[in-house]
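The structure's right below; bear with me while I get my questions together.
From a predicted model like this one, the values you see are computed outputs, not experimental measurements.
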Amino acid sequence: MNLVTNNKWIGQRTIRPDGMDKVTGRAQFAADTTMPGQIWGKILRSPHPHARIRGIDTSKAEKLPGVKAVVTSKDIVDFPIEKGAVMLGIQDMRWMCRNVMARDKALFPGHPVAAVAATTEAIATEACKLIEVDYEVLPWSIEIEDAIKPDAPILHQFNKFDGKPSNIAGRLEHKKGDIAEGFKKADVVIERTFATRPVHQGYIEPHACLISVAPDGKTTIWSSSQGQFMVRAMTSMLTGIPQSDIRAIPAEIGGGFGGKTIVYLEPVATLLAKKSGRPVKMVMTREEVMRATGPTSGSRSTVKIGATKDGRITAAHGTFYLQAGAFPGSPIRGAAGCSFTPYDIPNLLSEGFDVCSNRSKVAAYRAPGAPIGAYAVECVMDEVAEALKMDPLEFRLKNGAKEGTKAAHGPTFPRIGYIETVEAAKNSPHYAAPLGKGQGGTLRGRGVASGFWFNAGGESSAQVNVTEDGNVVVTTGHPDIGGSRAGIANICAELLGIDYRRVSVIIGDTQTVGFSNLTGGSRVLFASAMVVTQSAEKVIQTLRERAAKIWNIDPEAVKWEQGAAHPASPNAGQFPPLTLEELAEKAPAMGGPIGAGVQLNTQGADGGFGTHVCDVEIDTELGIARVIRYTAVQDVGRAIHPGYVEGQLQGGVAQGIGWALNEEYIYTKEGKVDNPGFLDYRMPVCSDLPMIDCIMVEVPNPKHPQGVKGVGEVPLVPVMAAVANAIYNALGIRFYSLPMSPPKVSAALDAGMKQAAE
Amino acid sequence: MADIRYLAPRSLDEAIGAFAAAGSAARILAGGTDLLVQMRSGIVRPGVIVDIKKIAEMTDIEETADGGFRIGAAASGMALSEHPRFGKVWPGVLEAVNLIGSKQVQGRASAGGNLMNGSPAGDSVPAMIAAGAVVTVQGPNGRREMKVEEVPAGPGRTNLKPGEILVSFKLPPRPSGSSDAYLRMIPRTEMDIAVVGLGVSLTIKDGVCTAARVGLGAVAPTALLVEPAAKALIGSKLDDAALEKAAEACRAACRPIDDKRGTIAYRIKTAGVLLKRTTAIAAKRAAGK
Amino acid sequence: MAKIHVTTTINGEPMEYLCEPNDTMLDALRGPLGLTGSKEGCSSGDCGACSITVDGRLVCSCLMLAAEAEGAEIRTIEGLAHGDRLHPLQQKFLEHAALQCGICTSGMLVASDALLRKNLNPSEEEVRFWLAGNLCRCTGYDKIVRAVLETAAEMRDGIKEAAQ
């Protein structure tokens with residue numbers, strides 16, 4: 001494909017199409033929507049980490065004045081365990097139906113057991129308290145080491161590992177060569193074990209939906225989600241309403257990061273709306289978000305890397321245990337498949353273990369699994385480099401994956417940009433800058449780390465329609481969580497040769513746009529740009545045909561440039577250009593509407609690489625580490641809108657710093673989340689962070705019309721290791737568990753240890 | 001569901017009448033930055049909310065003729081920071097009040113609410129204790145004064161009698177060579193509850209510390225007045241030995257817990273570190289006076 | 001349950017509404033007043049998405065009772081622009097890509113405006129500490145801080161120009 005160069009709009013920092021609404025408060029998020037006659041839904045949740053549900057009596061709730069409907073798991077379509085997996089994307093509907101509402105067992109504190117719709121929120125809340133649930137409380141376990149003990153309470157008896165009921169729900173491995181032989185060849189072998197805590201995606205907007213079901217079953221859903229087609233499908237499968245009767249409209253979404261790629265409320269609200277005959281609005285409180293939606297896995301990983309004294313890695317072994325929470329499905333694929341991928345390693349075994357335990361079911365979080373694995377691998381890489389007395393970036397260059405390297409997870413790499421990211425980091429002003437001296441007894445340190453994420457392609461649909469007054473409306477299929485509408489506007493404007501302000505980009509709903517897979521996997525701009533490009537090319541073809549008809553020449557003799565049709569050469573004839581506006585005006589007389597739509601299962605998505613440099617300053621008396629300088633280098637393919645590509649890098653880095661230093665799920669002795677709010681679930685605030693510098697390396701994706709690579713997820717992958725390696729550089733102490741919070745750092749400093757205990 | 005009533009009396013007598021009449025069902029509303037959170041989470045279900053912000057005595061900030069200050073219990077931190085003189089005379093108390101929450105919270109939160117909420121970690125309390133503040137309370141049986149360190153009784157509890165409302169804080173006039181400071185340890189740079197909070201107020205004459213008070217918070221069921229720490233500072237030139245002695249006294253005064261914000265060991269260590277740092281700041285400020 | 005009748009001024013317009021005694025100002029804005037620009041992120045004063053000003057003071061509307069608005073001057077995000085004339089902060093946020101999902105943006109703008117009204121020459125550190133009560137999970141704050149600093153600089157220049 002020919003890459004467009006000399007761009008007018010691609011690569012420009014245009015104003016995002018949804019920006020005006022967002023800065024004026026007009027943007028409609030799910031909780032902002034209203035429908036006449038709407039009532040409120042509330043969920044009753046299990047107080048126990050693990051309990052058999054012997055019975056539910058909703059009679060008192062139903063009698064409370066103002067209550068219009070009550071729902072229990074009886075109302076939700078069952079996906080029987082014994083019938084086997086029913087997959088929707090990567091989700092098994094057997095777990096989805098039980099996650100949305102408990103069936104025979106409550107599996108975490110916060111697990112929904114019933115729901116009520118009433119005329120006010122207060123009445124709905126009161127009614128929930130009147131529902132009587134007969135629980136048989138069972139022993140529970142939350143942490144991985146407790147859940148895999150031989151006598152651990154088993155969440156799912158049908159789940160067998162090594163022939164016995166187990167909380168280990170799955171295993172995968174990637175293998176290359178022979179690691180035993182490989183380690184024999186190594187001069188330096190470092191093996192370490194790491195622990196991380198569950199962390200939440202932390203989107204500021206709680207889950208919300210507003211759903212109306214008409215007497216004939218026609219259902220309208222407004223919801224905050226990363227995939228209106230996923231909402232439609234899951235709601236249909238869990239309620240029995242056919243997909244064609246469900247219109248799922250994606251409201252503006254206030255953050256997702258993967259956490260909104262499944263449904264929690266929509267099927268329940270749909271059933272409440274159906275039963276009550278009224279539109280039902282459900283909005284989670286912050287506490288419900290923290291207790292009952294899916295943070296990512298806590299983990300236990302062991303990583304062993306061996307290298308020769310001249311710096312070549314000969315073997316690597318990684319074992320990654322990830323918490324799945326109440327149902328199987330932790331992101332072991334990301335941990336096992338991505339963590340070693342930046343490197344060309346001849347002998348490799350990478351294993352992932354999926355562990356169930358009594359906490360909320362895990363949900364995707366920005367490159368799921370990969371940040372967890374990268375923390376372990378990139379810290380060991382740092383130790384190996386140190387043992388070899390090599391600069392850590394040099395060590396990565398020496399072993400970096402390139403075109404032709406066979407990756408751990410299978411594919412042989414085409415042209416990739418990993419080495420370029422390391423070189424850019426090495427040559428960055430940050431890396432060259434002296435660390436400087438810490439003020440007043442603080443110590444400073446610098447660390448680096450790399451990372452990889454798969455990126456996805458997948459289904460996408462789009463339409464490009466020319467308005468009667470000669471402008472363009474583009475309808476795409478994916479919720480915009482990063483600025484994809486801005487990128488699409490740039491691309492469409494570029495292709496049609498018109499000002500980007502003449503292009504309106506909207507996101508369709510399930511009844512106005514073709515099937516489009518969910519927003520995730522860093523795929524939206526990649527996939528939607530492909531279908532928008534093909535649609536625009538069809539439009540351009542039509543415009544050329546229309547001009548050709550007017551000029552009475554062959555369409556092949558017409559070119560489209562700068563928003564107008566021109567004769568392709570002087571031989572074609574001397575005609576003044578026909579602009580988009582002119583052709584639009586003539587459209588009814590010349591064959592009808594000008595527009596095209598394309599639906600594809602897009603292919604050719606390539607993984608992304610990043611290398612980060614981090615400086616920290618540590619108050620050694622109090623153990624407080626602060627990041628004082630950060631540079632994120634990433635191979636971004638092509639930065640269609642540089643501002644929003646930088647935004648992805650900066651946002652991912654900020655999340656990683658929180659994960660590294662302060663974010664963690666803390667549980668009480670009773671197995672409940674002790675910090676279900678933004679006060680004690682400590683995400684970075686504005687004053688915690690420095691400016692975050694971005695270096696975008698552009699190695700265009702040859703399989704994409706604009707060279708686009710997914711960028712959204714890679715930025716989170718290297719961060720925790722970059723921070724940990726920087727802290728080591730400052731203090732001489734390695735931290736093998738996260739977060740590196742002040743009491744932990746302080747204790748390690750006091751103990752004067754080289755390695756911190758957990 | 002019980003009815004809730006909201007009242008906004010314009011006089012203290014009216015407020016006390018309504019507050020006392022409703023008994024344990026009543027709650028005072030100053031900035032609301034604790035009360036509304038507790039109501040939302042269901043911890044507190046008041047029957048009557050008495051909004052005291054329309055009572056001048058509860059929100060005024062005035063410098064008294066003798067050079068002291070009287071601060072209405074419901075005066076917000078922002079209002080306190082806008083007073084032309086208060087921050088110059090009591091920078092430690094001001095910074096303590098304005099470390100509570102965010103700028104949004106400081107637009108509403110008051111030293112009175114902070115004290116009456118009874119959190120062992122309330123930021124303004126150690127600074128008020130160090131300042132030697134005296135509070136005026138008024139109830140059905142009239143008005144009385146209490147030393148501020150006598151107010152907290154335990155987590156969420158105070159020593160005010162039923163029906164009594166906290167009216168104002170009185171801060172004493174400052175001899176020359178006096179200043180104060182407040183520091184707290186939090187894991188982030190803002191927005192956290194203090195893991196340890198420490199206030200120091202002192203007077204220095206000819207290089208010698210002639211008076212000192214140390215208030216310590218978040219390390220015991222209530223904020224503490226640490227007299228042994230002050231004793232170690234008084235009469236000294238605030239040299240390393242004196243600071244270490246005072247730090248040790250603070251560490252010894254701690255009776256902390258392990259919780260989601262800090263460990264016992266960490267809090268004890270931090271109390272000592274903060275004593276030294278806070279004293280240094282207060283001393284530097286005092287030298288400028 | 002007897003509702004309270006409140007008469008107040010919002011974005012310069014006289015307004016009235018009915019509210020429960022325990023409704024918050026955020027409930028009133030998003031409910032009877034239909035002003036959904038202020039967002040609910042946490043209801044505990046920890047995220048700032050609900051920021052408004054009351055008599056010129058920056059506050060979290062989730063930490064104020066709706067009844068307290070009686071006689072007060074309330075300003076929300078909806079009052080920042082004048083018709084189709086954006087406030088310089090809003091324009092700069094757009095130009096700097098200082099927003100992604102937008103859920104924090106209303107609160108960020110109200111808080112930033114409150115800062116610039118108080119101090120038109122803040123340092124980067126002052127901006128960061130002022131905005132510490134406004135959580136953003138998308139941007140890492142970098143572009144937000146740049147937008148505020150650049151707006152302040154332009155507004156200072158504008159005042160200088162106007163004075164000349």
Proximal component of C/C138, with respect to chain A [non-hydrogen, under 4.5 Å]: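 Looking at C/C138, backbone and side chain both touch chain A.
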
Candidate pair A/M691 and C/V145, rule side chain to side chain contact (heavy atoms under 4.5 Å, CB included), full reasoning: CA-CA 9 Å; A/M691 294 295 186; C/V145 174; 3.7 Å; yes

Option in A/D21, A/I204, A/L649 with maximal non-hydrogen atom pairs under 4.5 Å from chain C: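 It is A/I204.
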
Options A/G256, A/P684, A/G677, ranked by heavy-atom pairs under 4.5 Å with chain C, top entry: A/P684

Under 4.5 Å from any heavy atom of chain C - which part of A/A31: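 Backbone plus side chain of A/A31, per the 4.5 Å heavy-atom cut-off to chain C.
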
Nearest non-hydrogen partners of C/C101 and A/F29, listed with the distance: O-CZ, 3.4 Å

Any C/R128 side-chain heavy atom under 4.5 Å of A/V685 side chain: no

Contacting region of C/T139 [heavy-atom separation from chain A under 4.5 Å]: backbone

Heavy-atom pairs under 4.5 Å with chain A, option from C/L80, C/T105, C/L99, C/L89 with the top count: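 Among C/L80, C/T105, C/L99, C/L89, the one with the most close pairs to chain A is C/L99.
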
Top contributor to chain A interface from C/L86, C/N134, C/L35 [non-hydrogen pairs under 4.5 Å]: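 Looking at each option in turn, the highest pair count goes to C/L86.
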
Heavy-atom contact with chain A under 4.5 Å, split by part of C/I144: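 Neither part; nothing is under 4.5 Å.
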
Separation between CG of C/L109 and NZ of A/K22, rounded to the nearest 0.5 Å: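 With rounding to 0.5 Å, CG (C/L109) is 13.0 Å from NZ (A/K22).
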
Distance-minimising heavy-atom pair for A/F678 and C/C42: CD1-CB, 3.8 Å

Contact leader toward chain A among C/G133, C/G140, C/G34, where contacts are heavy-atom pairs under 4.5 Å: C/G140

Selection from C/D46, C/D142, C/L131 maximising heavy-atom pairs under 4.5 Å formed with chain A: C/D142

Engaged part of C/E124 at the chain A interface, taking heavy atoms whose separation is under 4.5 Å: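 The answer is the side chain of C/E124.
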
Side chain / backbone / both / neither for A/T285 at chain C, heavy atoms under 4.5 Å: neither

Chi angles and distances behind the side chain to side chain contact (heavy atoms under 4.5 Å, CB included) call for A/R26, C/T36: CA-CA 8 Å; A/R26 297 169 82 113; C/T36 56; over 6 Å; no

When A/G483, A/S687, A/C686, A/A654 are compared by non-hydrogen pairs under 4.5 Å with chain C, the top option: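 Heavy-atom pairs under 4.5 Å are most numerous for A/C686.
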
Neighbour count >12 (heavy atoms, 6.0 Å) for atom CH2, A/W222: no

Chain C contacts, top residue of A/H641, A/E252, A/E646, A/Q28 (heavy-atom pairs, under 4.5 Å): A/E646

Chain C contacts, top residue of A/M284, A/Q201, A/M290, A/E287 (heavy-atom pairs, under 4.5 Å):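 Max contact count across the listed options: A/Q201.
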
Nearest-0.5 Å distance that lies between atom OH in C/Y141 and atom CG in A/D688: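 Answer for the OH-CG pair, C/Y141 versus A/D688, is 7.5 Å.
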
Nearest heavy-atom neighbours spanning C/R137 and A/Y681: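 Minimum heavy-atom separation between C/R137 and A/Y681: NH2-OH, 4.4 Å.
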
Toward chain A, the part of C/F129 with a non-hydrogen atom under 4.5 Å: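 For C/F129, the contact with chain A is made by backbone and side chain together.
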
C/R156 atom CZ, neighbour heavy-atom count above 12 within 6.0 Å: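 Check passes, neighbour count above 12.
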
C/Q100 side, atom CD; A/D18 side, atom CG - distance, nearest 0.5 Å: 10.5 Å

Steps toward side chain to side chain contact (heavy atoms under 4.5 Å, CB included) verdict (A/R13, C/E95): CA-CA 7 Å; A/R13 295 170 189 263; C/E95 289 168 12; over 6 Å; no

Neighbour count >12 (heavy atoms, 6.0 Å) for atom CG, C/D84: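 For C/D84, atom CG is not crowded (no more than 12 foreign heavy atoms under 6.0 Å).
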
Which atoms of A/I692 approach chain C - backbone, side chain, both or neither, heavy atom under 4.5 Å: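 Backbone plus side chain of A/I692, per the 4.5 Å heavy-atom cut-off to chain C.
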
Distance, nearest 0.5 Å, that separates CG of A/L679 from SG of C/C47: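 Answer for the CG-SG pair, A/L679 versus C/C47, is 12.0 Å.
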
A/E205/C/E40 under side chain to side chain contact (heavy atoms under 4.5 Å, CB included): CA gap, chis, key distance, verdict: CA-CA 7 Å; A/E205 182 212 18; C/E40 182 162 356; over 6 Å; no

Separation of C/H96 NE2 from A/I15 CD1 (nearest 0.5 Å): 10.0 Å

Distance in Å, C/L94 CG paired with A/R16 CZ, rounded so as to fall on 0.5 Å steps: 9.0 Å

